[in-house]
Each structure stands twice: as C-alpha cells, then as structure tokens.
> 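Have a look at this one before I ask anything.
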Amino acid sequence: MLPKKHGWVIGLRATIRYLTTKSATKAEIKYTSTINLPKTKFLARLSAEKRAEVEEQLRKNCLSKLYRWNRTALPVENEFILHDGPPYANGDLHMGHAVNKILKDLILKHKIISGTRVHYVPGWDCHGLPIELKALEAFHRKMSKSAGHTEMGQTAYEIRNTARRFALETLAKQKKGFESWGVTGAWDDAQCCYRSLDPSYISAQLQLFFELYEQKLIYRDLKPVYWSPSSQSALAEAELEYDEAHQSPSLYLKLALEKGGGSCTCIANHQHADGEVYAVIWTTTPWTLPANQAVCYNPALDYCLVRSSLGDLLLVGKDLVDYLGVQLETSLTVLQTMPGTELQSLKYHHPLNRQTVLPFLPAAHVKAEKGTGLVHTAPAHGPEDFLVCLERKIAIENLIDERGLYTQKAPAFLHGKYALTEGNQLVTEALAGSTLKLSTIVHSYPIDWRTKQPVMLRASDQWFIDTDSLKQRALEEIKLVDIYPRTSSDVSKKVIEGQIRKRPYWCISRQRAWGVPIPVLYDTITKQPIISKPLVAAIVERLRKESTVDFWWTAPVEELISVEILQQLGTSHDRLEKGKDILDIWFDSGVSWLTVLGKDRVADLYLEGVDQFTGWFQSSLLTSVAARGQAPYKAIFVHGFAVDENGMKMSKSLGNVICPQQIAKQYGCDALRWWVCAHAIQNTSIPVSHKLLGSSAENVQKLRGIVKFLLGVVAPRGAVEEGNRLPIIQKDQLQHHIDRYFMHELASFHRHVFELYDSYQHNKATAVILNFCLSTLSGLYLHLIKDRLYCGSSEQHSNLKTILDHTYRTLAQVLWPIVPFLVEESWTFYEKNHFYESNQHTRRIDSLNEDVMTSLNAVQCALELRHAVYQQGQLNVNTWLLEVAVECNDNDLALLLMLHPVLNAHDNSTELCELLQIGSVALRKGSEGSAANRFTITVTKSNKPLCQRCRRFLVSDTLPICKRCNTVLGQ
C-alpha cells in the first residue's frame with residue numbers, strides 16, 4: 001500500500017502532465033468529474049399534474065395499507081385509541097373537515113412512527129334533521145305537514161329512503177376526500193368504519209335505550225322543551241344558535257287583582273276610587289299570555305303599593321320602584337311597603353279572560369334585578385314556571401300546536417295564528433287597555449341551528465334522560481379528563497362542567513322521520529308507554545334480517561308483535577299503537593363509544609371542534625356515565641373553526657368559501673396538511689387565505705429541497721433493500737467537533753419535536769422543524785461541510801454520508817406525520833420498503849458520548865467568533881480569500897484551540913477555518929483589558945488564487961490545485 005505522500009506526488013505529476021500535454025491554461029482545467037456532487041433522480045419540484053399523479057400512486061400503493069400494517073406489525077400493548085367523532089353525511093367536505101381529520105391523522109401517524117399501535121375507526125352520523133332537510137332539498141321533495149309527525153305509511157318511508165340514499169352517496173364522497181388527504185384508516189373496508197344507520201349500531205343503541213329505561217334513567221313526561229315550529233320537532237340545547245339582533249316586544253302589563261286586592265290587609269287600606277289595584281308584570285313573549293296560569297312572587301322580597309302619575313294603584317317589587325319609574329316614564333309614589341309573604345292570599349283576573357281568577361304563587365326564581373318583581377307564569381312555556389305549577393299539581397294548558405299555531409283551545413281571535421309573529425301582534429292589540437308601556441327590545445334569542453328560524457319553549461310529551469341523577473358522577477369523571485390545548489384547559493373544563501351543572505334534563509325524542517325509532521308501543525286508551533325486553537329483542541332480530549329499521553313505519557302492529565309478546569304484555573293488538581318519535585341525533589351519535597369501544601374500553605382521545613363541549617363531548621359523557629359509570633375518554637382535544645382572512649365564517653352566500661379539495665389540487669395535500677398543523681390550534685378562529693396556504697406550500701417546497709440534497713448524498717444510485725443501508729454511526733466517525741455538535745443538535749431536535757407531538761402542540765412543532773431545517777441543518781451544517789463532502793477524502797465523504805443518512809432518517813420521522821406524501825415519495829428513492837415498514841426508523845438518536853459538551857462549547861464559541869468576524873465587513877469578497885487574526889481571553893482561547901491547535905501562526909486546514917469559512921486564521925492570547933470587545937479581530941485579503949478544484953484553499957501561481965486536492969486525486 002502506497003504512503004499518503006506518494007499519492008500526492010502522483011497527483012502532482014498527473015497535473016504537470018496534463019498541463020504539458022494539453023498546453024492548457026489554468027482557466028481551462030475542469031475538475032467537475034472529480035467532485036462528489038449529490039446525485040438523485042428525486043425531482044426538485046413537481047408540476048400540479050405530476051404531483052397529483054405521485055400522490056395518487058402513494059395513496060394506492062402505500063398509505064392505503066398503513067392502517068392494516070399498523071394493526072398487525074406493531075405490538076398490542078399500550079394501544080392508542082382515538083375515537084372518531086362522526087361528521088354529518090350531509091354535504092361536501094369543507095375546511096372544518098380538513099382541520100378535524102388531518103389533526104387526527106397527525107396524532108395517529110406520530111403514534112405509529114413512535115412504535116405504538118393505533119385503534120382508529122372512522123365514523124359517520126347519518127341520521128337526523130340536517131340530513132333529512134338536505135335530502136328533501138337535493139331530491140326536490142317537499143315534506144307535507146303530516147310527514148313531520150313521521151306518520152306510519154308511505155310518506156315516512158319515502159323520506160327515509162331518500163335520506164338514506166343521500167347519506168350513503170355523501171358518505172362515499174367524504175370517504176374518498178378523507179383518503180385523498182392521506183388520513184390513516186382502512187377506508188376500503190366497510191367493517192373498519194361505523195355508520196349510525198348500520199344494523200349493528202342501531203341494535204346496540206336500542207338495547208342501551210332499554211337498559212337505561214329499566215334503570216329509570218330514561219322516562220317519558222310532559223315538560224316544556226325547546227320546540228322548532230319550522231322543523232316541527234323538539235330540539236336539544238346543542239341544536240340551538242342565538243340571534244344576537246333578535247327583536248321582541250317589551251310589554252309592561254297591569255293585571256287587575258281580584259276584589260281590588262282586598263284579601264291582602266296592606267292593600268285593602270289603600271282602595272282606589274274605582275276599586276281596581278293592579279299587579280305589574282313584564283314580558284318579551286306576549287304570545288304566551290293566553291296560557292298564563294299564575295303570577296309568581298318571591299316571599300323573601302319586599303313589595304310596594306305605588307300610585308302612578310296617571311292615578312293607577314300598582315303592586316311592584318320594592319327594589320325596582322325607581323327602575324320602573326324610569327322604564328314607564330312616570331313618577332311612582334310609594335303608599336305602602338309589605339313583605340312578600342303578604343301576597344300569598346292574592347288572586348288576579350286573567351288578562352284576556354276576566355272571568356278566570358288565578359293565584360299568586362311563591363317562587364325562588366323571581367329576582368329583583370330586572371322586570372317588576374312579579375313574574376307572568378305560563379307553565380307550558382317555561383321550565384321554572386312548569387316546576388312551580390307541577391309542585392302544586394296545577395294542570396298545564398298548552399294552546400300551541402306542533403306548527404307553532406294556536407289551537408282551538410285558545411281565544412277565538414287567535415285560532416290558527418302563528419304565535420311568534422301574529423300572536424304577539426294580536427295579543428298586544430287585545431291588551432292595549434291594560435298596557436303600561438309597549439316597546440321593542442333587541443336581545444339574544446334562540447333559533448333553530450338548521451332552519452335559522454326562532455324557536456319557542458313549548459310543553460309536550462317527550463322522552464328524557466334524568467341528567468340530575470348523572471350530574472355528580474359526570475362532574476367527577478370530567479375532572480379526571482385532560483383537555484388540550486393546555487393553554488385553554490381550565491376554561492374548557494369550566495365550560496363543560498357548567499353545561500352539565502345547569503342541564504335540568506335531556507330531551508332525547510324528536511318528531512321526525514329519519515332516525516332511529518324509540519322502541520315503544522302505546523296503549524291507545526291510557527296513552528301509557530309499553531316497552532319490554534322481548535319487544536326490543538324482536539325489533540333487533542328483524543333489524544338483523546332486513547338490515548334496515550324501516551319496518552317500524554311500514555309494518556302493522558299485528559305483524560311486529562307476536563302472540564307470545566302480546567301475552568307477556570297482557571294486552572291486545574287493537575289497544576296498541578307504535579310510537580312516532582325518533583331518538584335525538586345527539587343520543588344517536590353520543591353512544592358511538594358502545595359500537596366502537598364496547599362496554600369495557602375507554603378512548604385515549606376524543607378530538608373535535610370547540611362547539612362539541614355542548615354537543616358530542618357532553619352526550620358521549622352522559623351516556624357512558626349512565627351505562628357504565630365512567631367517561632368514554634381519557635383526554636379531549638379541541639380545535640377552532642375556519643374563517644376567511646377577515647375573520648368571517650365561510651359561506652356560499654358570502655362567496656368566501658375555500659374548498660379543501662381545490663387547495664389540495666392547487667398546492668398539494670402536504671401543503672394543506674402543513675397549514676392545518678401550523679394554524680389549527682392557536683385560536684378558536686382559524687384563518688384561511690391563499691396567502692397562508694401559499695406560504696405553507698413554500699415551506700413544504702423548502703423541505704423538499706433539503707430532502708433532495710440529502711438523498712443525493714446518501715442514495716445516489718436510488719433505493720436499496722432494507723438492511724443494506726449504512727450502519728449506525730460510531731464514535732470514531734465523529735472526528736470533527738462540528739459533526740458532534742450537529743449530531744447533538746439533531747438528537748435534541750428529534751426529541752423536542754416528538755415531545756411537542758406528544759403534547760399536541762403541533763403549531764410549535766412546525767416552527768421548530770422549519771427553524772432547524774433552514775437554520776441549523778441547511779443554513780449551518782450543510783453549508784459548513786460542503787468542502788469535505790464534495791472535495792474531501794473518501795473517508796471524510798463516507799463519515800459525512802453516514803451522518804447525513806441518519807439526518808435523512810430523523811427528518812423523515814419528524815416530517816412524516818405532517819407531510820407523509822413528501823416522505824413516502826422520497827423514501828422510494830432511498831429504500832424499497834415503505835417508510836413506515838422500516839425497522840430502524842423508530843430509533844432515536846441520542847447524545848453519543850460524554851465529550852459532546854466540550855465539542856458543543858467549542859463550536860458555540862466559534863460560531864460567536866464567526867458572527868464577530870462577519871461584522872468586520874469585507875463580505876463582498878469571497879470569504880475564503882480572507883486571512884483573520886484573533887486575540888481573545890483565556891477561556892475562549894482554550895475552546896478555540898480545540899478547533900485550531902496552532903497558536904500565533906496562520907493555518908488554513910483546521911476546523912476553525914471550516915467553521916469561519918475563511919482562508920486562514922491565527923489565534924493569539926489577548927492582553928488583560930486590552931479591548932472592550934470579547935474578540936479583537938484583524939482581517940486581511942489574500943492576493944493568492946484559490947484552488948481550482950475545491951475553491952477553498954489558497955495556492956501558488958504555479959499550481960492550479962491545493963495539496964489536499966492533489967492527495968484526493970491521487971487516491
């Protein structure tokens with residue numbers, strides 16, 4: 001084997017021979033073929049058409065197999081369960097879908113790349129009013145008034161068929177969209193998805209309904225509930241929105257007391273000339289006055305008899321006298337003050353029917369903060385009113401039908417009139433003689449979340465869950481649940497706790513056609529509900545055979561109920577009728593844990609929009625606590641809603657909708673995913689704009705450029721079989737301090753990003769990734785090692801190739817959850833297996849030896865010196881022509897000598913020169929207090945030429961290449 005110097009001689013002779021034989025000048029000599037430039041067929045940039053082609057191939061051949069691979073290749077222990085909240089199958093995908101599904105996928109892919117098996121079953125909510133309305137609109141059907149009651153017969157059957165077709169067609173489109181974004185799941189396997197219309201799902205739901213009924217947690221009762229006349233159905237709190245600019249009448253009304261209030265001693269002493277004394281009430285719902293059945297007062301308050309400037313004697317709350325004077329624009333003179341207990345004997349005449357005399361009732365809900373201190377009470381239209389009258393066994397009068405129209409029981413002038421509009425007008429006109437003041441008030445008012453029309457509180461027979469019995473346990477369970485993002489955890493927990501505390505009951509019945517029927521029969525004479533285990537079992541068995549529950553609407557009772565069941569029930573067919581209600585869609589979707597998790601398992605995570613604190617998070621919690629005494633989730637992750645760049649909600653009417661499918665087509669799926677990762681969890685409003693999306697696409701492109709460079713070094717000849725890659729890096733391969741420094745930074749980067757993923761801080765992860773890749777990796781390390789990499793010895797190139805191999809693997813692990821298409825595409829140029837199938841990629845790189853801190857300190861000192869040198873100017877020339885002399889203190893000198901072990905003399909071959917990117921450097925010990933600055937730097941420019949091969953080392957005028965390059969060429 002020849003000595004090294006002999007190789008240098010050979011290289012020198014070769015150069016002289018080349019110069020002699022070709023008579024070439026230095027400018028004509030070409031060394032490109034001798035330089036180890038990165039080579040790869042991985043494209044630096046893809047056209048939109050090519051990108052779409054590559055993404056489709058990766059989906060089909062790679063990502064579509066990920067979930068099944070994960071279920072078989074990864075260990076069962078410590079399985080991570082993310083339970084998918086079901087989106088409605090009622091429309092095209094929007095940015096909210098993209099945010100939700102991609103956030104879930106980021107978490108799933110991170111778990112998989114960390115070696116954890118994931119359990120993820122995508123689902124869809126296929127029932128309820130939203131889909132029913134969409135179906136009717138889409139297929140140009142107009143539901144008749146009777147169809148709203150889900151009549152047994154052809155109408156309900158047609159609605160259900162139409163809704164089912166619409167839901168299934170929409171579901172297929174959405175599924176295709178989710179898969180196109182690279183979302184993990186067994187999308188082509190019907191068994192690996194759940195749908196609320198599946199027979200197995202409905203069967204489990206019906207059986208759970210019966211179990212809760214047996215435990216008396218589900219019951220039927222007459223109560224005021226939110227009722228939507230526009231939908232002709234009861235609504236839950238979660239199905240309400242609020243119109244902040246709603247206008248209602250503001251009516252101050254006087255009600256004549258029976259016998260002038262003579263039954264009250266305090267009032268009897270102040271009889272009016274005409275014998276009339278009035279109680280004053282205030283209401284913003286005059287349409288409810290025909291159903292007035294009492295006036296409530298608070299025994300703990302004081303009341304006053306006052307005389308108005310018009311001479312009326314009025315009974316009002318003491319604390320509200322001044323306030324009322326201002327509101328009524330009149331002076332009120334106090335004649336008598338009395339305790340609230342004195343009002344117990346009072347009665348008054350109904351405002352629309354003087355012949356009807358009604359009572360004053362004590363009630364704690366009456367406050368002295370607004371109004372008059374006396375509350376108009378219509379138990380059919382208010383929960384507090386209802387409870388007060390229920391306690392006294394007062395029969396409830398309901399004068400409003402399902403369409404919001406007055407029935408024949410109402411006063412004749414109101415028959416058939418719409419209560420919320422005509423009712424207000426006609427009632428206020430009829431009460432003009434008793435009106436103290438009528439004006440308009442702008443306030444927040446509940447509206448139907450789908451029809452956007454006002455709702456009302458209306459008493460009706462409904463099915464309820466006894467949330468009072470569940471509250472305490474539910475509150476205890478929610479305290480154990482982690483909520484993310486952590487920054488809003490306390491506020492979020494207070495929101496869901498507050499919602500649970502204030503919920504008096506949960507109405508779970510709806511009067512629609514499209515949904516799961518409540519499995520109850522009714523006695524046609526007593527109207528009592530009839531439900532039994534054999535009845536539910538018979539329904540479930542027929543459902544299993546027919547795969548649909550439509551028979552509940554089409555089959556007669558005689559066909560549904562066998563003789564055996566009839567005997568068990570102790571009744572006859574002619575005394576039975578089927579129930580017409582369906583289950584609330586929040587109950588429908590809230591029991592999804594039962595089908596997906598079973599009665600034993602608990603999900604590690606639920607992830608949905610922040611609005612689900614009043615929706616799915618709460619309905620899932622309550623049903624799970626009712627059925628098994630525990631929450632269905634260990635943690636909740638919430639995200640916000642997509643808005644345009646002006647903060648406006650996206651809608652077709654505003655023309656500001658940005659479609660995620662179009663984004664993926666224009667910028668690529670990885671750009672869409674990067675945008676979600678970077679922006680989706682910072683605020684409740686997530687801005688969407690082409691500027692932000694374009695920026696995300698640029699970031700992905702920058703990463704692509706770095707990946708291309710790494711592939712050019714580590715895989716110049718393309719993909720190889722697994723196991724043929726470079727071995728794990730060894731300590732003796734890290735001979736340079738900058739290599740040790742970088743490997744430490746790489747390990748810290750890897751660890752940091754995975755910690756951010758583990759804590760669901762995805763936005764911070766994107767920032768850390770960009771900063772490392774553009775600054776530490778590309779801006780520093782790759783820049784500093786290019787001379788060794790391109791022009792160095794084969795040993796140097798091999799060592800650097802091993803380091804960059806690990807760099808590529810680490811970068812692939814970190815990037816894969818966010819930009820899986822980029823990673824999987826690049827992996828096809830690196831290894832023949834799919835990225836996620838590699839056995840080595842889950843290995844993290846940690847600090848390699850105990851000397852790393854010394855190297856870190858030395859390199860950090862050199863980088864600070866580099867900054868100081870560059871501040872000296874002369875950067876408009878090639879820095880390799882600069883010769884720098886540095887004076888520094890003992891501490892810095894000791895560190896820099898590790899990189900440049902020559903004192904007081906210029907040297908051009910040390911690590912310090914590589915770090916500073918200069919021609920040569922000389923280190924000198926600074927004198928005590930000689931300079932105010934940390935480093936004293938002298939910079940001069942050399943007139944010598946640079947090596948024509950490496951363009952780094954200075955050479956003489958006689959030789960075109962440096963000694964190092966001659967040696968390399970000789971080898």
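The analysis underlying the following values was restricted to heavy atoms, covering all of them including side chains, and did not include hydrogens, waters or symmetry mates. Keep in mind it's a predicted model, so treat the numbers as computed, not measured.
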> Is the number of heavy atoms from other residues, nucleotides or ligands under 6.0 Å of Asn61 CG greater than 12?
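More than 12 within 6.0 Å, yes.
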
> Hey, are Glu795 and Ser793 close enough side-chain-wise for a donor-acceptor pair under 3.5 Å?
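Short answer, no.
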
> Do Leu804 and Leu789 have side chains that get closer than 4.5 Å, going by heavy atoms?
yes

> Determine whether the aromatic ring centres of residues Tyr67 and Tyr120 are separated by less than 6.0 angstrom.
no

> Determine yes or no for a side-chain-to-main-chain donor-acceptor pair under 3.5 angstrom, with Ser695 supplying the side chain and Lys691 the backbone.
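Looks like no, no N/O pair under 3.5 Å.
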
> Salt bridge (charged side-chain N to carboxylate O under 4.0 Å, His left out), that's the test. Do Arg788 and Asp739 meet it? Break it down for me.
CA-CA 12 Å; Arg788 275 191 288 148; Asp739 296 338; 3.0 Å; yes

> For a 4.5 angstrom cut-off between non-hydrogen side-chain atoms, does Val713 reach Asn36?
no

> Using the test side chain to side chain donor-acceptor pair (under 3.5 Å), find all partners of Glu824 that sit at least two apart in sequence or belong to another chain.
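Residues passing side chain to side chain donor-acceptor pair (under 3.5 Å) with Glu824: Trp816.
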
> Taking C-beta and beyond as the side chain, do Leu863 and Leu780 meet within less than 4.5 Å on heavy atoms?
yes

> Kindly indicate whether a cation-pi arrangement holds for Lys708 with Phe42, taking the cut-offs as under 6.0 Å to the six-membered ring centre and within 45° of the axis.
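Output no; distance or angle outside limits.
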
> Quick one: does any side-chain atom of Arg949 pair with a main-chain N or O of Cys791 as donor and acceptor, under 3.5 Å?
yes

> What is the minimum heavy-atom distance between Leu915 and Ala862, and which atoms define it?
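Heavy atoms only, the tightest pair is CD1-CB, 3.7 Å.
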
> Identify the heavy atoms of Cys962 and Cys947 that sit nearest to each other, and give their distance.
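For Cys962 versus Cys947, the nearest heavy atoms are N-SG, 3.2 Å.
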
> Looking at Thr116 and Ile112, would you say the former's side chain and the latter's main chain have a donor-acceptor pair under 3.5 Å?
no

> Please answer whether the main-chain N or O of Thr184 pairs with a side-chain N or O of Asp105 as donor and acceptor at a distance below 3.5 Å.
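Here the side-chain-to-backbone pair exists.
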
> Please step through side chain to side chain donor-acceptor pair (under 3.5 Å) for the pair Asp805 and Thr807, ending with a clear verdict.
CA-CA 5 Å; Asp805 185 84; Thr807 302; over 6 Å; no

> Taking the side chain as C-beta and beyond, is there a heavy-atom pair between Val54 and Leu58 under 4.5 Å?
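Counting from C-beta outward, Val54 and Leu58 do come under 4.5 Å.
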
> Salt bridge between Arg964 and Asp787, side-chain N to carboxylate O under 4.0 Å?
yes

> Measure from the ring center of Trp827 to the ring center of Tyr808 and say whether it is less than 6.0 Å.
yes

> Report yes or no: does Glu179 contribute a side-chain atom to a donor-acceptor pair with the main-chain N or O of Gly185 at less than 3.5 Å?
no

> With no hydrogens and no angle check, is any side-chain donor or acceptor of Arg486 less than 3.5 Å from a backbone partner on Tyr760?
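It does not hold such a pair.
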
> Is the shortest side-chain N to carboxylate O distance from Asp604 to Lys111 below 4.0 Å?
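Looking at Lys111 together with Asp604, the answer is no, because their closest N to O distance does not fall below 4.0 Å.
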
> If only atom types and distance count, is the side chain of Asn70 paired as donor or acceptor with the main-chain N or O of Val118 below 3.5 Å?
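Yes.
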
> Look only at the side chain of Thr879 and the backbone of Gln917, and say whether a donor-acceptor pair between them is shorter than 3.5 Å.
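Confirmed, Thr879 side chain pairs with Gln917 backbone.
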
> For the side chain of Arg673 and the backbone of Pro817, is there at least one donor-acceptor N/O pair under 3.5 Å apart?
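Confirmed, Arg673 side chain pairs with Pro817 backbone.
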
> Examine His737 together with Tyr741 and report whether their ring centres are nearer than 6.0 Å.
no

> I'd like to know whether Glu55 forms a salt bridge (charged side-chain N to carboxylate O under 4.0 Å, His left out) with Lys50, so could you lay out the CA-CA distance, the side-chain angles of the two residues, the decisive distance to 0.1 Å, and finally the verdict.
CA-CA 9 Å; Glu55 288 178 352; Lys50 181 64 176 177; over 6 Å; no

> Given side chain to side chain donor-acceptor pair (under 3.5 Å), test His690 with Tyr667 step by step and report yes or no.
CA-CA 10 Å; His690 283 285; Tyr667 300 105; 3.1 Å; yes

> Quick check on side chain to side chain contact (heavy atoms under 4.5 Å, CB included): which of Ile102, Ile663, Ile686 does Trp675 satisfy it with?
Ile686

> Could Glu831 and Arg809 be called an ion pair, given the rule that one side-chain N must be under 4.0 Å from one carboxylate O?
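The answer is yes: the pair qualifies as a salt bridge.
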
> So, do Phe80 and His110 sit near enough that their side-chain heavy atoms are less than 4.5 Å apart?
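No; the side chains remain at least 4.5 Å from each other.
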
> Identify the residue among Gln57, Arg704, Arg51 that makes a side-chain hydrogen bond (donor to acceptor under 3.5 Å, both in side chains) with Glu825.
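In the set Gln57, Arg704, Arg51, the residue that makes a side-chain hydrogen bond (donor to acceptor under 3.5 Å, both in side chains) with Glu825 is Arg704.
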
> What closest approach, in Å, do Arg952 and Thr910 show between heavy atoms, and which atom pair accounts for it?
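In this case the closest contact between Arg952 and Thr910 is NH2-O, 3.7 Å.
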
> Verify, without hydrogens or angle tests, whether Tyr757 (side chain) and Val814 (backbone) share a donor-acceptor contact under 3.5 angstrom.
yes

> Nearest heavy-atom pair of Val99 and Val676: which atoms, and what distance?
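Scanning both residues, the minimum pair turns out to be O-CG1, 3.8 Å.
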
> Any heavy-atom pair between the side chains of Phe772 and His750 that's under 4.5 Å?
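No; the side chains remain at least 4.5 Å from each other.
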
> Show the nearest heavy-atom pair for residues Leu811 and Cys773, with the distance to one decimal.
CD1-SG, 3.3 Å

> The criterion is side chain to side chain donor-acceptor pair (under 3.5 Å); which residues satisfy it with Arg59, sequence neighbours excluded?
Glu56

> After noting the C-alpha distance and the side-chain angles of His900 and Glu911, does the key distance pass the side chain to side chain donor-acceptor pair (under 3.5 Å) rule?
CA-CA 6 Å; His900 187 85; Glu911 271 197 78; over 6 Å; no

> Can you give me the closest heavy-atom contact between Ser180 and Phe821, atom names plus distance?
O-CZ, 3.7 Å

> Hydrogens and angles aside, do His736 and Asn799 bring a side-chain donor and acceptor to less than 3.5 Å of each other?
no

> If you define the side chain from C-beta out and look only at heavy atoms, does anything of Thr776 sit under 4.5 Å from Phe749?
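No, side chains not in contact.
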
